Amino acid sequence: MKIEYVKLEEIRKLRHTVLREGKPFSTTAYDKDKDKTTFHLACVYKNKIITCATFYPESLSQIISENPFRLRGMGTEKKFRRRGYGKKLMVEAFKHLKTKKSDLLWCNARLVAVDFYKSMGFDIKGDMFEIEGIGKHYLMYRNL
């Protein structure tokens, strides 16, 4: 298993399977996916991407920071969950974000992922909210 920086096209299929099942494939594209400052990470096991995540600069009105980044599209193939792959990907992301002088990482976390993010040092900010067509979420953040 290894963590790699990958191209967007390499992770959209996994995003669709894990995060947008039953929805059009077009829902796997995010506005900032192709920005120069965006990076995509994947956990690769036997030449197959099993975990993915996307990171890009985006400010957050609820928390003041100098160089915030947002995490989107993190998911792991079902049969590989709870084996530490997501944790290894996040550890690599934290290292990379520090080289970019980021001081904050934030995301909108699905309820099923809240405990994972807490285990990675994230805190909840505010109340639970609904993202239409996707489900209930919490805003979560981690100072870097």
Side-chain angles (χ1 to χ4, degrees), residues 1-23 26-45 48-144:
M1 186 285 304
K2 57 187 172 178
I3 305 298
E4 295 181 2
Y5 294 84
V6 296
K7 294 178 183 174
L8 170 63
E9 296 77 28
E10 296 177 87
I11 61 171
R12 283 189 67 193
K13 183 178 177 185
L14 182 59
R15 278 184 187 173
H16 190 244
T17 302
V18 174
L19 302 171
R20 298 291 192 263
E21 188 176 17
K23 301 208 181 311
S26 61
T27 63
T28 65
Y30 306 144
D31 291 343
K32 296 186 179 186
D33 268 339
K34 296 182 179 181
D35 287 3
K36 288 182 180 182
T37 53
T38 298
F39 66 97
H40 309 281
L41 283 177
C43 179
V44 180
Y45 178 76
K48 180 179 179 172
I49 293 176
I50 59 169
T51 301
C52 65
T54 296
F55 304 83
Y56 53 79
E58 187 172 316
S59 61
L60 181 64
S61 62
Q62 297 92 325
I63 302 172
I64 297 171
S65 63
E66 294 292 318
N67 189 17
F69 268 69
R70 182 175 181 182
L71 161 63
R72 287 199 73 188
M74 183 162 192
T76 299
E77 201 174 296
K78 286 182 183 180
K79 67 181 180 180
F80 291 99
R81 291 180 186 161
R82 302 193 185 281
R83 296 187 187 179
Y85 298 122
K87 180 178 181 176
K88 289 178 177 156
L89 186 146
M90 291 300 293
V91 167
E92 179 62 29
F94 295 153
K95 290 177 191 174
H96 188 74
L97 289 164
K98 286 183 181 183
T99 70
K100 293 185 168 288
K101 301 195 182 337
S102 176
D103 59 343
L104 181 81
L105 179 62
W106 69 275
C107 65
N108 291 326
R110 294 171 188 236
L111 294 185
V112 299
V114 168
D115 287 340
F116 167 75
Y117 289 117
K118 282 183 178 179
S119 77
M120 296 303 305
F122 284 73
D123 292 313
I124 292 174
K125 178 78 172 177
D127 297 325
M128 183 173 44
F129 60 95
E130 180 93 18
I131 296 178
E132 188 177 333
I134 300 173
K136 296 180 180 186
H137 288 69
Y138 279 103
L139 172 63
M140 297 190 77
Y141 70 97
R142 177 187 163 152
N143 292 311
L144 300 173

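None of these values were measured; they are calculated from a predicted model. Numbers for residues simply follow the sequence, beginning at 1.
Side-chain atoms of Phe55 and Arg70, non-hydrogen and from C-beta on, never get closer than 4.5 Å to each other. You'll find the side chain of Leu14 reaches within 4.5 Å of the side chain of Glu77, heavy atoms only. Taking the side chain as every heavy atom from C-beta outward, Tyr141 and Ile63 approach each other to under 4.5 Å. In this structure, the side chains of Lys87 and Ser119 stay at 4.5 Å or more apart for every pair of heavy atoms. Counting only heavy atoms from C-beta outward, the side chains of Ile11 and Thr54 approach each other to under 4.5 Å.
Closest non-hydrogen pair, Pro68 versus Ser59, comes out as CG-CA, 3.5 Å. Shown here for Ala109 and Tyr117, the closest heavy-atom pair between the two residues is CB-CD1, 3.6 Å. Closest approach of Phe116 and Met90 over heavy atoms only: CZ-CG, 3.8 Å. Gly86 and Thr51 get closest at one heavy-atom pair: CA-CG2, 4.1 Å. Closest of all the heavy-atom pairs between Ile49 and Ala42 is CG2-CB, 3.8 Å.
Distance NZ/Lys79 to CD1/Ile50: 9.5 Å, rounded to 0.5 Å. Leu19 CG to Cys52 SG: the interatomic distance, rounded to the nearest 0.5 Å, is 6.5 Å. Put simply, OH on Tyr30 and OG1 on Thr28 are 7.5 Å apart, with the number rounded to the nearest 0.5 Å. Considering CG of Leu41 and CG of Leu89, their distance stands at 5.0 Å, rounded to 0.5 Å. Taking CG from Leu144 and CG from Leu97, the interatomic distance works out to 6.0 Å, rounded to the nearest 0.5 Å.
For Asp103 (side chain) and Glu66 (main-chain N/O), a donor-acceptor pair under 3.5 Å exists by modelled atom type. Counting only distance, with no hydrogens or angles, the side chain of Glu21 and the backbone of Val18 share no donor-acceptor pair below 3.5 Å. In this structure a side-chain-to-backbone donor-acceptor pair under 3.5 Å is present from Lys23 to Gly133. With Arg142 contributing its side chain and Met120 its backbone, the two residues share a donor-acceptor pair below 3.5 Å. Arg15 contributes no side-chain N or O that, together with a main-chain N or O of Gly73, makes up a donor-acceptor pair within less than 3.5 Å. The backbone N or O of Asn67 sits less than 3.5 Å from a side-chain atom of Ser102, completing a donor-acceptor pair. Listed for the Arg20 side chain is no donor-acceptor partner under 3.5 Å among the backbone atoms of Ser26.
Taking the charged nitrogens against the carboxylate oxygens, Arg72 and Glu58 have no contact shorter than 4.0 Å, which rules out a salt bridge. Between Glu4 and Lys2, at least one side-chain nitrogen of the basic residue sits less than 4.0 Å from a carboxylate oxygen of the acidic one, meeting the salt-bridge criterion.
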CA sep, side-chain torsions, deciding dist, call: Leu139, Ile124, side-chain contact (heavy atoms from CB on, under 4.5 Å): CA-CA 6 Å; Leu139 172 63; Ile124 292 174; over 6 Å; no
Worked check of side-chain contact (heavy atoms from CB on, under 4.5 Å) between His137 and Leu111: CA-CA 6 Å; His137 288 69; Leu111 294 185; over 6 Å; no
Stepwise side-chain contact (heavy atoms from CB on, under 4.5 Å) check, Phe122 with Leu105: CA-CA 9 Å; Phe122 284 73; Leu105 179 62; 3.7 Å; yes
Worked check of side-chain hydrogen bond (donor to acceptor under 3.5 Å, both in side chains) between Arg81 and Thr76: CA-CA 6 Å; Arg81 291 180 186 161; Thr76 299; 5.7 Å; no
Derivation of the side-chain contact (heavy atoms from CB on, under 4.5 Å) call for Asn108 and Met140: CA-CA 6 Å; Asn108 291 326; Met140 297 190 77; over 6 Å; no
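Heavy atoms from other residues, nucleotides or ligands lying under 6.0 Å from NZ of Lys118 number 12 at most. For CD1 of Ile131, the number of neighbouring non-hydrogen atoms (other residues, nucleotides, ligands) closer than 6.0 Å is greater than 12.
Here His40 and Tyr5 keep their ring centres 6.0 angstrom or further from each other.
The ring-ring contact (aromatic ring centres under 6.0 Å, His included) contacts involving residues 64-89 comprise Tyr45-Phe80, where partners must be two or more places apart or lie in separate chains.
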